[in-house]
Amino acid sequence: MVTLRQLRYLAALAKHGHFGRAAEACAVTQPALSMQIKDLERTLGVKVVERRPGEVMLTDVGREVARRGEDVLAASRDLVDFARHRGGVLTGRLTLGVIPSLAPYLLPRILPVLQKQFPELRLELRETQTKQLVDDVKNGTLDAAMLALPLGEPEIDALKLFDDLFLLAVPANDPRPVEQRIRAGDIDQSRLILLEDGHCLRDQALAFCATAARGGGVGAGGMAFAASSLSTVMQMVASGYGVTLIPQIAADVEQRDQRVKFLRLENPQPGRSIGLAFRKTSPRKADFEALGDVVKECM
């Protein structure tokens with residue numbers, strides 16, 4: 001019979017494309033992982049991997065087995081969660097992902113409250129981009145993720161937590177008064193600094209500015225610079241190198257730097273909806289609702 005261990009090892013091979021890296025990710029030796037994959041192939045009666053010097057590729061059958069195996073692994077995690085967490089809300093281990101444009105600004109608000117209200121909760125955090133978070137929620141690596149909605153993923157449910165308006169961050173010596181409302185057309189896109197590709201905040205800002213650029217810079221005549229964190233972007237703005245769109249939750253922290261100021265945008269003000277995403281099949285909805293309530297209270 002196919003085992004969960006074999007499916008977990010196959011999933012690692014599919015992700016890493018290398019026996020050594022897959023074994024390291026699973027905390028086993030390479031021979032042990034290889035033996036389990038061979039046992040899986042004998043059980044199924046087909047080859048699931050194509051071995052090459054220094055790398056490994058999944059066969060067509062192997063890719064389909066790995067895809068279906070992810071569903072089985074996620075279901076097995078849900079089963080364990082169902083059994084372990086019937087004793088109380090937000091107890092035990094909970095793995096939570098957060099997008100980088102949210103984590104450093106929201107977590108300091110909610111973590112002390114969670115620790116006080118739910119002392120038996122063991123929270124494990126991962127900060128990365130939206131696509132990876134969604135994949136990790138779907139395959140069960142993460143229990144839930146805080147990110148921008150909507151997601152358009154039929155396997156995932158989400159609780160809306162709060163709305164986060166965008167502001168225009170400019171150097172403090174910008175002549176425009178803070179009372180002035182800014183139109184999209186008033187933003188000098190040649191000076192617009194954004195996060196690098198893969199960050200949803202970048203795409204949201206580009207959509208607001210009605211530019212079609214999706215490359216390494218901002219567009220024709222735009223700045224050939226993209227950062228991996230909002231803090232880096234804000235340092236560029238503070239030093240006079242450009243302007244940026246920043247969510248309100250980040251501006252509340254970044255406004256401590258007196259070298260920058262924030263201008264509100266013309267109504268209807270653009271923004272993003274932040275939500276908590278989780279698998280529809282997860283048995284921990286009570287946990288997610290309690291976590292969502294904490295976030296709403298802190299905001």
Side-chain angles (χ1 to χ4, degrees), residues 74-75 77-167 199-201 203-204 230 246-254 268-299:
R77 294 186 187 99
D78 288 345
L79 186 150
V80 173
D81 284 344
F82 169 76
R84 285 182 176 173
H85 300 284
R86 297 193 69 190
V89 173
L90 288 180
T91 60
R93 177 174 178 261
L94 189 144
T95 55
L96 177 67
V98 191
I99 54 175
S101 61
L102 185 63
Y105 309 107
L106 179 61
L107 293 180
R109 299 189 186 193
I110 69 171
L111 292 183
V113 179
L114 285 172
Q115 190 174 40
K116 181 178 180 180
Q117 293 186 10
F118 303 98
E120 296 182 28
L121 173 65
R122 183 161 61 89
L123 191 63
E124 297 182 7
L125 295 168
R126 183 179 184 193
E127 179 184 331
T128 191
Q129 296 178 5
T130 298
K131 183 181 184 305
Q132 187 61 56
L133 291 181
V134 171
D135 289 344
D136 287 347
V137 169
K138 289 165 68 174
N139 66 35
T141 303
L142 290 174
D143 294 312
M146 289 184 189
L147 32 66
L149 303 177
L151 295 176
E153 294 284 346
E155 303 169 44
I156 292 181
D157 272 341
L159 298 173
K160 182 178 176 180
L161 301 177
F162 60 92
D163 289 321
D164 197 12
L165 296 178
F166 292 154
L167 304 174
H199 291 271
C200 58
L201 182 59
D203 293 333
Q204 292 159 352
L230 274 176
I246 185 170
Q248 176 75 61
I249 192 171
D252 292 343
V253 174
E254 300 294 347
Q269 297 180 63
R272 59 182 184 174
S273 292
I274 298 299
L276 181 66
F278 50 89
R279 293 185 309 283
K280 286 185 175 180
T281 57
S282 175
R284 304 188 66 179
K285 290 184 174 61
D287 284 339
F288 304 141
E289 289 173 356
L291 178 58
D293 288 341
V294 169
V295 174
K296 293 173 184 177
E297 291 170 8
C298 292
M299 292 301 299

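Predicted model, so just to flag it, every value in this text is computed and none were measured.
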Quick one, L107 with E127, criterion side-chain contact (heavy atoms from CB on, under 4.5 Å). Give me CA distance, side-chain angles, the key distance, then yes/no.
CA-CA 11 Å; L107 293 180; E127 179 184 331; 5.8 Å; no
Determine, step by step, whether I99 and R272 satisfy the side-chain contact (heavy atoms from CB on, under 4.5 Å) criterion, reporting the C-alpha distance in whole Å, the side-chain angles of both residues, the deciding distance to 0.1 Å, and the verdict.
CA-CA 13 Å; I99 54 175; R272 59 182 184 174; 3.8 Å; yes
Determine, step by step, whether L111 and Q115 satisfy the side-chain contact (heavy atoms from CB on, under 4.5 Å) criterion, reporting the C-alpha distance in whole Å, the side-chain angles of both residues, the deciding distance to 0.1 Å, and the verdict.
CA-CA 6 Å; L111 292 183; Q115 190 174 40; over 6 Å; no
Under the criterion side-chain contact (heavy atoms from CB on, under 4.5 Å), I'd like the reasoning laid out for I246 against E254: C-alpha separation, chi angles, the key distance, then a yes or no.
CA-CA 9 Å; I246 185 170; E254 300 294 347; 3.9 Å; yes
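For P108 against A103, the heavy-atom pair with the smallest separation is CD-O, 3.8 Å. Of all non-hydrogen atoms in L276 and G292, the two that sit nearest each other are CD2-N, 4.5 Å. Between G275 and L149, the shortest heavy-atom contact is CA-CD1, 3.6 Å. Closest heavy-atom contact between V89 and A286: CG1-O, 3.9 Å. Across L230 and S101, no two heavy atoms sit closer than the pair CD1-CB, 3.9 Å.
Applying the ring pair (Phe, Tyr, Trp, His ring centres under 6.0 Å) rule to pairs touching residues 109-140 yields nothing, sequence neighbours excluded. Identified under the salt bridge (charged side-chain N to carboxylate O under 4.0 Å, His left out) test for residues 149-158, with sequence neighbours left out: K138-E153. Identified under the side-chain hydrogen bond (donor to acceptor under 3.5 Å, both in side chains) test for residues 273-283, with sequence neighbours left out: D78-R279, D78-T281, D163-S273. Applying the salt bridge (charged side-chain N to carboxylate O under 4.0 Å, His left out) test to residues at least two apart or on different chains, the pairs with a partner in residues 103-114 are R109-D252. Within the structure, side-chain hydrogen bond (donor to acceptor under 3.5 Å, both in side chains) pairs that include any residue of residues 289-299 do not occur (at least two apart or interchain). Pairs engaging residues 140-150 under the salt bridge (charged side-chain N to carboxylate O under 4.0 Å, His left out) rule: D143-R284 [sequence neighbours left out]. Note on residues 280-299: pairs passing ring pair (Phe, Tyr, Trp, His ring centres under 6.0 Å), not counting sequence neighbours, are F278-F288. Pairs engaging residues 128-166 under the ring pair (Phe, Tyr, Trp, His ring centres under 6.0 Å) rule: none recorded [sequence neighbours left out].
Remark: L96 CG to I110 CD1 distance equals 7.0 Å, nearest 0.5 Å. Rounded to the nearest 0.5 angstrom, L123 CG and L90 CG are separated by 9.0 Å. Taken to the nearest 0.5 Å, the CG atom of L114 stands 6.0 Å off from the CG atom of L291. From L159, atom CG reaches atom CD1 of I274 across 13.5 Å, with rounding to the nearest 0.5 Å.
In this structure, the side-chain contact (heavy atoms from CB on, under 4.5 Å) partners of E124, at least two apart in sequence or on a different chain, are R93, T95, R122. In this structure T141 satisfies the side-chain hydrogen bond (donor to acceptor under 3.5 Å, both in side chains) test together with N139, sequence neighbours excluded. Contacts of A145 classified as side-chain contact (heavy atoms from CB on, under 4.5 Å), with partners at least two apart in sequence or in another chain: L133, V137, L147. For R77, the salt bridge (charged side-chain N to carboxylate O under 4.0 Å, His left out) test picks out no residue, with sequence neighbours left out.
At a threshold of 4.5 Å between non-hydrogen side-chain atoms, the residues Q117 and V294 count as touching. Side-chain contact between M146 and V295: present, with at least one pair of heavy atoms (C-beta onward) separated by less than 4.5 Å.
For the pair D136 (side chain) and L142 (backbone), a donor-acceptor distance under 3.5 Å is absent.
Around atom CD of Q269, more than 12 heavy atoms belonging to other residues, nucleotides or ligands sit under 6.0 Å away.
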